[in-house]
Amino acid sequence: MPEIQLHNTLSGKVEPFVPQKPGEVRMYSCGPTVYDYAHIGNYRTFVFQDILRRFLKLRGFQLKHVINLTDVDDRIIANAAAAGRNIREYTEQFAQAFFDDCKTLSIEAPEHWIRATDHIDDMVQLIQRLQANTYTYASEGSIYYRISKFTNYGKLSKIDLTGIQAGARVDNDRYEKESARDFALWKAPKPGEHFWETAIGPGRPGWHIECSAMAMKYLGETLDIHTGGIDLAFPHHENEIAQSEAATGKPFARYWLHAEHLLVDGEKMSKSLGNFFTLRDLFAKGHKPSALRFALASVPYRKQLNFTFDGLTQATNSVERLRNFADRLKHRNFPAGRLGGMAARIAKAAEEFDAGLSDDLNTARALAAVFDLVREANIAMDKSEFRQGDVAATLQFLNTFDKVFAMLEDHDAAKLQALGYGSAEAGLSDAEIEKLIADRTAAKKRRDFAAADRIRKELSDRGIILEDAKDGSVRWKRK
C-alpha cells in the first residue's frame, strides 16, 4: 500500500504521515461553539475529519481522537443571559443537536467528546505555567499573553504582523475583533456575567486556552494531528501554538490539516443572504443525510466546495446508483464462474481507491475509482456477462468503500423524527416500504393485479419508485 501523504499547513507541504508512536494516532479536532445549530459549512469540516479518522482506522491505526465543544464564550454568555438560563442549560440543547447531527451524518464518535466548562481547572493550571514562564501580564483583572515574547508567532498561518500595533489587545473571542497582537487567556467578569472563582482570580477562560489545555490533557504535550476549518488557522490555531509551546517548550502538533470554506451558489453563506442552511433546513426539504454527506465529501478537503441544490440532487443520484448496484449484487442470480479480467479490475479499483485517499485524502479520486468499477460491472451485468464468482470480491470492495465514506445506508423517516428532524409523515420507513412491496408481490401471485397496481400507485404517490427485475425481484428507491 502507498504511504499516506498529508498536507501540513505548518510546513506548507505535502508530507509522509509518520505518527510519534507506531500504530497510534493522537488527533485533536476543533468542534462547534454550541450557541446555535451548526450549519452545513461546519459539517463540511466535520465530515472531512470523519473521513480522515475512518481512513486511518482502515489502515490499521489505533485512534486517540478528541473533539471539543466550546460551551463558554461571549455569544453563549450573552444569549444565555437573554434567555434567563445558566450556561449549561442554554448550551445543552445545541450540544445534543450536534450529537444528533453527527449520528445522522454517520460521523463516528471520537474516543473523547469534551466540553470546555468541564476543564476550567486544567486551563487555570496552563495559565499558571505561562505566568511562571513570564509570557503573561495582567490588566484590570484579565490575564493576557504577550505575543512579542514568542519569536515564532505566525509560523502556522504565515500571518504578517506588520501594521498590528505592538502591545495592543482586545478582550473578545470573535475572530474579526481579535486582530491585535496580544490575546486574553483569562477574562475578568463583567457585571452580571457568569464567572468562576479560581486560583488566578474570578473570571472565565479565553477561547484559545481552552483547546490547548484540553488537547494536552488527553493527548499529551505533542499531538500527531490537529484539524479544523481554514478559518481557525488564524488566530485560533496560531494562538494555540504560541501558548502551548511557551508552556512546554515542545512542538504542540506535528501535522496541521485545514478544510477549505464551503460556499453556497458561489457566495459566502450568510443568514442575510438567505443561503444559510442547517441539517434541519435540508431534511425538512426532503433531502437525505447520505446525499448531504456525499456532497460534502465529494470535493477534496483543501479545495473550496460550492454547495448547490443541483449538486445535492446529483449527490442523491450518485448514492442511489451505488445502492442499486449493491442491491443488484446481493439479489441477482448470476451464472456460475468468473468473468475474465474482472478479478483484476476489482483489485485495480481497490488499489486506486486506497491511492486516492493516501494522496492527502483525495476523495474525488477515490470516488472515481468506485464509480468506474460500478459502470464497468453494470455493463457486464446488462450484457449477462457478470459471474457469480465475482460477487464476493465486489461486495468486499463496496464494504471497504463504505467503511470510509459511510453512505450506503440512511436513517429512515421514523429515525429522523426521533432525532428531532421533523415528522415521519414526510415519508415511509424502509420497513414500511418492504411490507408494501411484499403485499404487492403476494397480490401478483394470486393474480389480483388491481390490488398490486393500487400498492404501486400508493408507493409512487409517497415518493417510492419500484423496478421489477426479470428474475422476479423488486428494487426500490426514493424519488
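Just so you know, these numbers use all the heavy atoms, side chains as well, and skip hydrogens, waters and symmetry mates.
- Side chains of Phe353 and Phe397 form a contact here, defined as non-hydrogen atoms less than 4.5 Å apart.
- Among Glu111, Glu24, Glu108, the one residue that satisfies the salt bridge (Lys or Arg N to Asp or Glu O under 4.0 Å) test with Lys57 is Glu108.
- Here the NE2-CG distance, from His112 to Asn68, works out to 13.5 Å after rounding to the nearest 0.5 Å.
- Remark: the backbone N or O of Ser139 is not paired with any side-chain donor or acceptor of Tyr144 at under 3.5 angstrom.
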- prompt: Would Val66 and Ser29 count as a side-chain contact (heavy atoms from CB on, under 4.5 Å) if you check the C-alpha gap in whole Å, the side-chain angles of each, and the deciding distance to 0.1 Å?
  reply: CA-CA 6 Å; Val66 174; Ser29 299; over 6 Å; no
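- Less than 6.0 angstrom separates the ring centroid of His237 from the ring centroid of His258.
- Checking side-chain atoms of His39 against main-chain N and O of Asn42 turns up a donor-acceptor pair under 3.5 Å.
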Worked check of side chain to side chain donor-acceptor pair (under 3.5 Å) between Tyr218 and His65: CA-CA 9 Å; Tyr218 290 91; His65 186 195; over 6 Å; no
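- Not one N or O on the side chain of Arg85 forms a donor-acceptor pair closer than 3.5 Å with the backbone of Ala80.
- Ion pairing of Arg88 with Asp118 is present here, as a side-chain N (NZ or NE/NH1/NH2) and a carboxylate O approach within less than 4.0 Å.
- Here the NE2 atom belonging to His7 is positioned 9.0 Å from the CG atom belonging to Leu257, to the nearest 0.5 angstrom.
- Using modelled atom types and a 3.5 Å distance limit, the side chains of Gln49 and Thr45 yield no donor-acceptor pair.
- Between Lys303 and Glu260 there is no salt bridge, since no side-chain N of the basic residue sits under 4.0 Å from a carboxylate O of the acidic one.
- A tilted orientation is assigned to the rings of Phe252 and Trp256, their planes being inclined by 30° to 60°.
- Side-chain contact of Tyr153 with Asn239: a donor-acceptor pair under 3.5 Å is present, judged by distance alone.
- No more than 12 heavy-atom neighbours from other residues, nucleotides or ligands sit within 6.0 angstrom of CD on Gln396.
- Counting heavy atoms of neighbouring residues, nucleotides and ligands inside a 6.0 Å radius, atom NZ of Lys285 does not exceed 12 of them.
- Under the 3.5 Å distance criterion, with hydrogens and angles disregarded, no donor-acceptor pair is assigned to the side chains of Thr33 and Asp73.
- In this structure, Arg254 contributes its side chain and His226 its backbone to no donor-acceptor pair below 3.5 Å.
- Between the side chain of Asp281 and the main chain of Thr278, a donor-acceptor pair closer than 3.5 Å is present.
- Of the possible polar contacts, one joining the Asn362 side chain to the Arg365 backbone as a donor-acceptor pair under 3.5 Å is found.
- At a threshold of 4.0 Å, the pair Arg293-Asp50 counts as salt-bridged, since one of the basic side-chain nitrogens sits closer than that to a carboxylate oxygen.
- Within the 6.0 Å centre-distance limit, the rings of Tyr37 and Phe94 are counted as a close aromatic pair.
- For Tyr43, the ring-ring contact (aromatic ring centres under 6.0 Å, His included) criterion is met by Phe46, not counting sequence neighbours.
- Residues Asp224 and Tyr255 have side chains that never bring a donor and an acceptor to within less than 3.5 angstrom of each other.
- Ring centroid separation for the pair Tyr145 and Tyr135 comes in under the 6.0 Å cut-off.
- If you check the side chains of Tyr90 and Asp71, you find no donor sitting under 3.5 Å from an acceptor.
- When only modelled atom types and interatomic distance are considered, Arg323 and Ser290 share a side-chain donor-acceptor pair under 3.5 Å.
- Residues Asp310 and Thr313 have side chains that never bring a donor and an acceptor to within less than 3.5 angstrom of each other.
- Ring to ring, Trp113 and Phe99 are close: their centroids are under 6.0 angstrom apart.
- Arg44 approaches Ala259 most closely through the heavy-atom pair CD-CB, 4.5 Å.
- Ion pair Arg146/Asp182 not flagged as a salt bridge, since none of the NZ, NE, NH1 or NH2 atoms sits closer than 4.0 Å to an Asp/Glu carboxylate oxygen.
- Between Glu221 and Arg129, at least one side-chain nitrogen of the basic residue sits less than 4.0 Å from a carboxylate oxygen of the acidic one, meeting the salt-bridge criterion.
- Side-chain atoms of Glu238 come within 3.5 Å of backbone atoms of Gly154 as a donor-acceptor pair (strictly under, hydrogens ignored).
- Between Ile241 and Lys155 the shortest side-chain heavy-atom distance falls below 4.5 Å.
- Within a 6.0 Å radius of NZ in Lys149, other residues, nucleotides and ligands contribute more than 12 heavy atoms.
- At least one donor-acceptor pair under 3.5 Å links the side chain of Thr363 to the backbone N or O of Ala297.
- Side-chain atoms of Ser142 do not come within 3.5 Å of backbone N or O of Ala138 as any donor-acceptor pair.
- Judged as a ring-ring contact (aromatic ring centres under 6.0 Å, His included), and not counting sequence neighbours, the contacts of Phe277 are Phe309.
- Using a distance-only test at 3.5 Å, with no hydrogens or angles considered, no donor-acceptor pair links the side chain of Glu210 to the main chain of Thr70.
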